Number of protein chains: 2
Amino acid sequence: MNASAPRAPAKPTGLDCRLAVLGSDVRLTPHRREVFDVLASSTDHPTAYDILDRVKSRSPHISLATVYNCLEHLTTAGLIKQVQLERGQSRYCANLHEHVHFHCETCGKVSDAHPAADFDPAKFWNLPKGTKVTRMDIAIHGTCEACTAKH
Amino acid sequence: MNASAPRAPAKPTGLDCRLAVLGSDVRLTPHRREVFDVLASSTDHPTAYDILDRVKSRSPHISLATVYNCLEHLTTAGLIKQVQLERGQSRYCANLHEHVHFHCETCGKVSDAHPAADFDPAKFWNLPKGTKVTRMDIAIHGTCEACTAKH
DNA sequence: TTTAGAATTAGAATGATTCTAATTGCATTA
DNA sequence: TAATGCAATTAGAATCATTCTAATTCTAAA
Ligand SMILES: [Mn+2]
Ligand SMILES: [Mn+2]
Ligand SMILES: [Zn+2]
Ligand SMILES: [Zn+2]
């Protein structure tokens, strides 16, 4: 590469600016880190607006556009997951273990449920030979323990 | 019930105006029947716009509002299912057998896949004791047979 | 310190769906 | 059959979540 060629896109060096895990290639700016931290310390699958509210306690001037922007970058990098349970707002999840979502139709809460160790889901459906599976989205709807107890 | 009390909601009588199956309580107007018939003869999980296009060949003056309206009534009555695979447009399905959806990320096609006879999904996830399951939405994403064959 | 690219922002635009208000259709009652 | 009243249908407006735009600010390499 000669001197007049356009400079390669800036690649920040500090290790603390990346999540080495996952070999992801997002630059972890303060906002992205805050959005990630909010999500990583939540188990309730917040929406973009929920996340905006929570991040605002640390960064009062962050905008909704930035929250969406951060969520998109983090999702693309594989650091978080976008979860679509119903029409309307997406929810987000920082749990990268294989899991499914339980949605209580009474109180609206969403929680993670993990599969039994021997679970191999693909073998249960008669997919045409030659089909390749890259991902499964499993949502279980019903009534949670607490709501069931309250009758 | 005395004469001055408001009349009970009109309940059409003709058997041909209902789908006796499912004990459903929708009045099957011509539009609703057409929307239902379009869906019942489709296996591709059309969107509301797709359905509008297809119904228009028989009823050129039907409106998008009516299509949405019909879809909502048919869904509420349990005659069809709304399917939410990604953000954006909902899709609809008239297959009432228990099944999951396979979505090809290459060509975008959506197809039904049926579970093996002995499949009891709830037992595979560690749901808290007391949880009640009413419904499961399972979407499998990947590459279909045809797209896999084309490399 | 300079500077180019990336991040951030407010607000506009978009797309899918739902709502509104007016009109039309239709089944029951008179 | 005619009158009545609710339900269905409609066009277009409104809403909601998200994405886009264009301007500004930040950051890291040189
Ligand atoms: Mn989760
Ligand atoms: Mn289906
Ligand atoms: Zn609950
Ligand atoms: Zn395909």
Side-chain angles (χ1 to χ4, degrees), chain A residues 1-18 25-36 46-53 55-56 59-77 82-92, chain B residues 1-18 25-36 46-53 55-56 59-77 82-92:
Chain A
M1 53 179 87
N2 67 53
S4 63
R7 190 165 33 132
K11 291 206 175 185
T13 45
L15 255 184
D16 67 332
C17 289
R18 307 275 187 127
D25 204 32
V26 224
R27 192 189 303 191
L28 267 201
T29 66
H31 282 162
R32 287 180 194 171
R33 183 180 289 279
E34 279 163 10
V35 166
F36 178 80
T47 65
Y49 282 85
D50 293 335
I51 293 167
L52 176 66
D53 282 347
V55 170
K56 265 186 173 165
S59 292
H61 300 302
I62 194 173
S63 72
L64 178 60
T66 297
V67 171
Y68 272 111
N69 202 324
C70 293
L71 289 169
E72 198 206 305
H73 280 270
L74 294 169
T75 301
T76 300
Q82 186 175 25
V83 179
Q84 191 62 202
L85 286 177
E86 320 171 89
R87 275 209 50 75
Q89 297 172 84
S90 296
R91 293 165 171 274
Y92 297 85
Chain B
M1 51 177 88
N2 66 52
S4 63
R7 193 164 32 132
K11 290 207 174 184
T13 46
L15 255 183
D16 66 332
C17 289
R18 307 275 188 126
D25 205 30
V26 222
R27 192 187 303 191
L28 267 201
T29 67
H31 282 162
R32 286 180 194 171
R33 184 180 287 279
E34 279 164 10
V35 166
F36 179 80
T47 65
Y49 283 85
D50 294 335
I51 293 167
L52 176 66
D53 283 347
V55 170
K56 266 187 172 162
S59 292
H61 299 303
I62 193 172
S63 72
L64 178 61
T66 297
V67 170
Y68 272 112
N69 202 323
C70 292
L71 289 169
E72 199 206 306
H73 280 270
L74 293 169
T75 302
T76 301
Q82 186 175 25
V83 178
Q84 192 61 202
L85 286 176
E86 320 171 90
R87 275 210 49 76
Q89 297 173 82
S90 295
R91 293 165 170 274
Y92 297 85

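Please read all numbers here as calculations on a predicted model, not as lab measurements. Keep in mind that the numbers below use all heavy atoms, side chains included, and drop hydrogens, waters and symmetry copies. Lettering of chains follows the sequences in order, A, B, ..., and the numbering in each one begins at 1.
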With nearest nucleotides of DNA chain D determined for B:A65 and B:R87 from heavy-atom distances, which residue corresponds to the more 5′ nucleotide?
-> B:A65
[X] vs [N]: side-chain N/O to OP1/OP2 distance below 4.0 Å:
X	N	answer
B:T47	C:dA16	no
A:H31	C:dT8	yes
A:T66	C:dT9	yes
A:S90	D:dA17	no

Over how many whole Å does the gap from [X] atom [atom1] to [N] atom [atom2] extend?
X	N	atom1	atom2	value
B:L71	D:dT9	CG	C1'	14 Å
B:E86	C:dG15	CD	C1'	15 Å
A:L52	C:dT8	CG	P	14 Å
A:D50	D:dA17	CG	P	11 Å
B:R27	D:dT9	CZ	C1'	13 Å
B:E72	D:dT9	CD	P	13 Å
B:Q84	D:dA17	CD	P	14 Å
B:H61	C:dG25	NE2	C1'	16 Å

Among [options], the nucleotide that comes nearest once only the side chain of [X] is considered:
X	options	answer
B:N69	D:dT18, C:dT9, D:dT9	D:dT9
B:R32	D:dT10, D:dA8, C:dT9	D:dA8
B:Q89	D:dT9, C:dT17, D:dA8	C:dT17
A:Y49	C:dA16, D:dA17, D:dT10	D:dA17
A:Y68	C:dT18, C:dA7, D:dT19	D:dT19

Counting distance only, does the side-chain N/O of [X] pair as donor-acceptor with the main-chain N or O of [Y] below 3.5 Å?
X	Y	answer
A:R87	B:G88	yes
B:R32	B:R27	yes
A:T75	A:L71	yes
B:N69	B:T66	no

Could you check if a side-chain atom of B:T47 sits within less than 4.5 angstrom of a side-chain atom of B:V83, using non-hydrogen atoms only?
->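 No. Closest side-chain heavy atoms not under 4.5 Å.
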Comparing B:P30 and B:L64 on DNA chain C - which has the more 5′ nearest nucleotide =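 Upstream on the strand: B:L64.
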